[in-house]
Number of protein chains: 2
Amino acid sequence: MDTLDRRIIAALRENGRATYAELGRQVGLSASAVHERVGKLESTGVITGYHAMVDPSSVGLGVTALIGIHSTDTADDEDVAASLALLTEVESCYRVAGEESFVVKVRVATVDELEQTLGRLRRIAGIARTRTTLVLSTRFEGRPNTSEVDTRDE
Amino acid sequence: MDTLDRRIIAALRENGRATYAELGRQVGLSASAVHERVGKLESTGVITGYHAMVDPSSVGLGVTALIGIHSTDTADDEDVAASLALLTEVESCYRVAGEESFVVKVRVATVDELEQTLGRLRRIAGIARTRTTLVLSTRFEGRPNTSEVDTRDE
DNA sequence: ACTGAAACTGAGGAGGG
DNA sequence: CCCTCCTCAGTTTCAGT
């Protein structure tokens, strides 16, 4: 993991469909060298995948909410997390410190569906209470943090 | 926006580097037909981009926090959002309903850096108070909601 | 670990139904 | 809106250094 790797990663975070040839031009390597490096980054789990970003409302998911989840005293958080994973409308799931056990991000089509989701959440064993924060607008999301942290090698 | 488009979108959310030929095989179209459809989805803003996903701790960003932001009474939320956008450690920014004006997701290397970020936030004009929730672990994040919503055409 | 050569495959545009 | 060509560029492997 050196500076070259970091520059390749930054470029791929910006444009996940960049060609190896293009990446090579940007960092000053041949396409095959980039190909080799990216392959290693993928197989060592540094790069976990490539995904198209989609405008949620264009695919009928215009309602976003952040939901804090209070577990019951006896709850097994692993079980709760597993149950949350089964709900497709739960897009992200964070185990957090504080009064709440989890914070999840949910995306649905309508507030009616949100209500249904809250009902489903409350029926999960181990969930005592939820606290919902409705998202009015997403200013930006999943932005690549190109702080280009340090220049140290691995 | 028909079923074919939705299937192409779902495939690209899963694998953003899928080739047009591969997508064509999956949905039963020629590569050029897929090429044409994807081009339209991109230019109409349905697909907003392609990004490599990276394991945050592998790039030295092992600390994640969710921060609720209370604005001052006189704050202009547009200005606050603009100021938040200037902080590279702020990865996502949501305008929300409720007591807080914004919820942001922040990723930094250490808790020391988190402290610095909180300091920077408090110095932003229009921000009265912050409430930080430390993420202990990310169970899953940005998962494609393949609820394959409806089968209606556009 | 990178380069350059070579064989292969996909990209992307033209033309036609 | 989709297909079939066609050409060029990128991918991917491999021998060499």
Side-chain angles (χ1 to χ4, degrees), chain A residues 1-61 144 146 148-154, chain B residues 1-60 144 146-154:
Chain A
M1 174 69 79
D2 59 9
T3 305
L4 246 30
D5 280 335
R6 271 185 284 272
R7 288 174 61 195
I8 291 170
I9 289 167
L12 283 172
R13 295 239 287 173
E14 202 70 45
N15 175 17
R17 278 181 89 86
T19 63
Y20 297 126
E22 199 175 329
L23 294 168
R25 268 174 246 130
Q26 284 183 45
V27 304
L29 284 180
S30 67
S32 39
V34 173
H35 181 248
E36 203 172 339
R37 278 173 176 266
V38 172
K40 277 176 195 162
L41 290 169
E42 287 169 357
S43 60
T44 56
V46 177
I47 294 176
T48 57
Y50 304 89
H51 304 283
M53 282 303 164
V54 172
D55 172 46
S57 60
S58 296
V59 293
L61 296 171
T146 312
E148 278 313 283
V149 187
D150 57 308
T151 322
R152 267 177 291 118
D153 285 6
E154 178 180 280
Chain B
M1 175 69 79
D2 59 8
T3 305
L4 247 30
D5 281 335
R6 271 186 285 272
R7 287 175 61 196
I8 291 169
I9 289 167
L12 283 171
R13 295 238 289 174
E14 202 70 47
N15 175 17
R17 278 180 89 85
T19 64
Y20 296 126
E22 199 174 328
L23 294 168
R25 267 173 246 131
Q26 285 184 44
V27 303
L29 283 180
S30 69
S32 41
V34 173
H35 182 250
E36 202 173 339
R37 278 171 176 266
V38 172
K40 276 176 196 162
L41 290 169
E42 288 169 357
S43 60
T44 56
V46 177
I47 293 175
T48 57
Y50 304 89
H51 305 282
M53 282 302 165
V54 172
D55 172 44
S57 60
S58 296
V59 292
T146 313
S147 66
E148 277 313 283
V149 186
D150 56 309
T151 323
R152 268 177 289 120
D153 285 4
E154 177 179 283

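Everything numeric here is computed off the predicted structure, so don't read it as measured data. Just so it is clear, the values below take in all heavy atoms, side chains as well, and ignore hydrogens, waters and symmetry mates. Note on naming: letters A, B, ... go to the chains in the order of the sequence lines (proteins, then strands), and numbering restarts at 1 for each one.
B:Thr48 places no side-chain N or O within 3.5 Å of a backbone atom of A:Asp55 that could act as its donor or acceptor partner. A donor-acceptor pair under 3.5 Å links the side-chain atoms of A:Arg17 to the main chain of B:Ala18, judged by distance alone. The backbone N or O of B:Arg13 sits less than 3.5 Å from a side-chain atom of A:His51, completing a donor-acceptor pair.
Shown here is A:Glu22, whose CD atom has more than 12 heavy atoms of other residues, nucleotides or ligands within 6.0 Å.
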(request) Using a 4.0 Å cut-off on protein heavy atoms (strictly under), produce a 5'-to-3' string for nucleotides 3-17 of chain C with B for base contact, S for backbone-only sugar-phosphate contact, and - for none. (result) BB-----SSSB----
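One finds the CD1 atom of B:Ile47 at 8.5 Å from the CG atom of B:Asp5 (value rounded to the nearest 0.5 Å).
The CG-C1' distance, from A:Leu23 to C:dC2, rounds to 16 Å in whole Å.
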